[in-house]
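Report on one structure; see the data block that follows.
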Amino acid sequence: MGFLDNAKDAAEATGRKIGETVEDAKDRIGDKVDEVKADAKVKQAEADVKKAEAERDTTEAKNDYKEQLRD
């Protein structure tokens with residue numbers, strides 16, 4: 001019976017280890033997904049800033065032109 005008990009204990013320990021490994025992998029994947037999402041938000045924000053700056057520059061150029069026409 002000692003052999004069977006040892007085998008049972010080993011199987012349970014292996015099962016726990018596999019479960020922990022799966023949980024760790026799941027957490028790592030989730031962390032990577034969060035990282036990619038955050039990076040995408042940063043890139044979108046940078047694009048929004050560039051667009052706003054371009055709109056500002058266009059408006060300034062238009063206003064300068066209109067001011068020159070008034071003179």
Side-chain angles (χ1 to χ4, degrees):
M1 259 202 144
F3 176 75
L4 290 177
D5 289 337
N6 289 343
K8 180 181 175 186
D9 290 343
E12 288 174 359
T14 300
R16 281 192 301 274
K17 183 64 178 174
I18 290 170
E20 290 170 4
T21 301
V22 168
E23 261 320 295
D24 288 344
K26 184 176 125 186
D27 289 343
R28 285 188 185 104
I29 291 168
D31 292 346
K32 190 63 177 176
V33 167
D34 292 343
E35 185 179 320
V36 168
K37 285 180 181 178
D39 189 44
K41 285 182 181 181
V42 167
K43 287 181 181 179
Q44 182 61 48
E46 290 171 348
D48 291 344
V49 167
K50 287 181 182 181
K51 180 180 176 187
E53 289 173 342
E55 288 175 3
R56 177 202 60 204
D57 294 345
T58 300
T59 301
E60 286 178 358
K62 178 185 74 171
N63 289 343
D64 289 346
Y65 178 73
K66 287 168 70 175
E67 188 63 34
Q68 288 176 358
L69 292 176
R70 289 185 193 114
D71 291 339

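Count residues from 1 along the sequence. Both backbone and side-chain heavy atoms feed into the values below; hydrogens, waters and symmetry mates do not.
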Can you name the side-chain contact (heavy atoms from CB on, under 4.5 Å) partners of Glu23, sequence neighbours left out?
Lys26, Asp27
Applying salt bridge (charged side-chain N to carboxylate O under 4.0 Å, His left out), can you list everything that pairs with Glu53, at least two apart in sequence or on another chain?
none
Hits for side-chain contact (heavy atoms from CB on, under 4.5 Å) against Glu20, two or more places apart or cross-chain, chain-then-number order -> Lys17
Pairs of donor and acceptor atoms involving the side chains of residues 37-44, under 3.5 Å and at least two apart or interchain, shall be tabulated with distances.
unit_1, atom_1, unit_2, atom_2, d
Gln44, NE2, Asp48, OD1, 2.9

Could you tell me the separation between the CG atom of Leu4 and the NZ atom of Lys8, rounded to the nearest 0.5 Å?
10.0 Å
Transitive ILVMFWY cluster of Leu69 at side-chain heavy atoms under 4.5 Å: who else is in it?
Tyr65
Does anything in residues 56-68 form a salt bridge (charged side-chain N to carboxylate O under 4.0 Å, His left out)? List the pairs, not counting sequence neighbours.
Glu67-Arg70
Checking Ile29 now: which residues fulfil side-chain contact (heavy atoms from CB on, under 4.5 Å) with it, not counting sequence neighbours?
Val33
How would you list, by chain and number, every residue that makes a side-chain contact (heavy atoms from CB on, under 4.5 Å) with Arg16, sequence neighbours excluded?
Glu12, Ala13
Under 4.5 Å between side-chain heavy atoms, chaining through other members, with only Ile, Leu, Val, Met, Phe, Trp and Tyr counted: pull out the rest of the cluster around Ile18, sorted by chain and number.
Val22
Tell me every residue that passes salt bridge (charged side-chain N to carboxylate O under 4.0 Å, His left out) with Lys32, counting only those two or more places apart in sequence or in another chain.
Glu35
